[in-house]
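Here the structure comes first, spelled out in structure tokens, and everything after it is commentary.
Order of listing sets the numbers, starting from 1, for every ligand and every atom in it.
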Amino acid sequence: MRPWQLDHSTDAPFGNGEQIAVDDLRVLREQFVDFMLGYKFAIDEVTTKINILREDFNNTHEYNPIEHVGSRLKSPESVLEKVRRKNYAMNLAAIRENVLDIAGVRVVCSFISDIGAIRDMLAGREDITVLEERDYITHRKPNGYQSLHLIVSIPVSRSDRTERIPVEIQIRTIAMDFWASLEHKIYYKYRGEVPPNLRADLAQAAEVATQLDEKMEGLHRQVDRGAHTRKS
Ligand code: GTP
Ligand code: MG
């Protein structure tokens, strides 16, 4: 059986012999590269949209809610590993439908209130459809992880067609991001088996991060009020 069922295969009959198998593999490889390229373009599209929002918001409100925008494209190896691990069908249509984090964009903002503002600005755009939302801020993960996750889909114009591509957008504060990157390193160092004392310390650090976020939000409000009072 062929390991991959092709998405838009011409279904040309395959002959016998090694040469045909090599051709078959070449076609599969080209299709996979083309498939992955769609996700790279989707990252470019989302990043551009976020940068436009940032500049526009800055211009209108004289305030920039976004500290940093990052992105990552899942490697082909990780995509295939996830398909195997989750037992998804090994074809491009099934991967598009099930693996929703091939394209990832992370928006790091200054204050907790910015998270909702950025979410609303993105979700309010006509060309962005929110497929899924996970609020790990209201419902923090047991280990302490906090972030707002959106799975969106956006249209990507290719040379010969338009595709809707899913993108995972993570929105979090600097403190939440700081915590998550350290936790990620610890998790990998211990291969997922984080010792109980470290787990407790991480949970406590998440609590401190929340307190810092709340304190900063309060300060930000005070400064904002002061600015408005001075203007009037
Ligand atoms: P995956 O199969 O890993 O993609 O998880 P999922 O589909 O259940 O989604 P989930 O929302 O739990 O996680 C998506 C992504 O959020 C992960 O790939 C990480 O980037 C991030 N994330 C989720 N949980 C944690 C966590 O506990 N620690 C850190 N550092 N990152 C996390
Ligand atoms: Mg993931």
Relative to [atom], which among [options] owns the nearest non-hydrogen atom?
atom	options	answer
atom 20 (O) of ligand 1	Q146, H149, E132, Q170	Q170
atom 24 (N) of ligand 1	K141, R85, R134	K141
atom 22 (N) of ligand 1	Y187, W179, Y145	Y145
atom 4 (O) of ligand 1	R140, E183, K82	K82

Checking side-chain polar atoms at under 3.5 Å, does [X] have a donor or acceptor matched by the opposite partner on [Y]?
X	Y	value
R29	Q31	no
R199	Y190	no
R164	T129	yes
S147	Q170	no

Suppose I only count heavy atoms of [X] and a 4.0 Å limit; which atoms of ligand 1 are within that range?
X	answer
E168	14 (C), 15 (C)
A180	30 (N)
N143	26 (C), 27 (O)

*Mind telling me whether H184 and Y188 have parallel, tilted or perpendicular rings, with 30° and 60° as the class edges?*
tilted
*Please state whether the rings of H220 and F111 are parallel, tilted or perpendicular, taking 30° and 60° as the class boundaries.*
parallel
*Contact partition for K86 relative to ligand 1, non-hydrogen atoms under 4.0 Å*: side chain
*Within reach of ligand 1, part of L100 (heavy-atom separation under 4.0 Å)*: neither
*Walk me through it: do L100 and N98 pass the test side chain to side chain contact (heavy atoms under 4.5 Å, CB included)?*
CA-CA 6 Å; L100 302 175; N98 295 307; over 6 Å; no
*Y136 near ligand 1, heavy-atom distance under 4.0 Å?*
yes
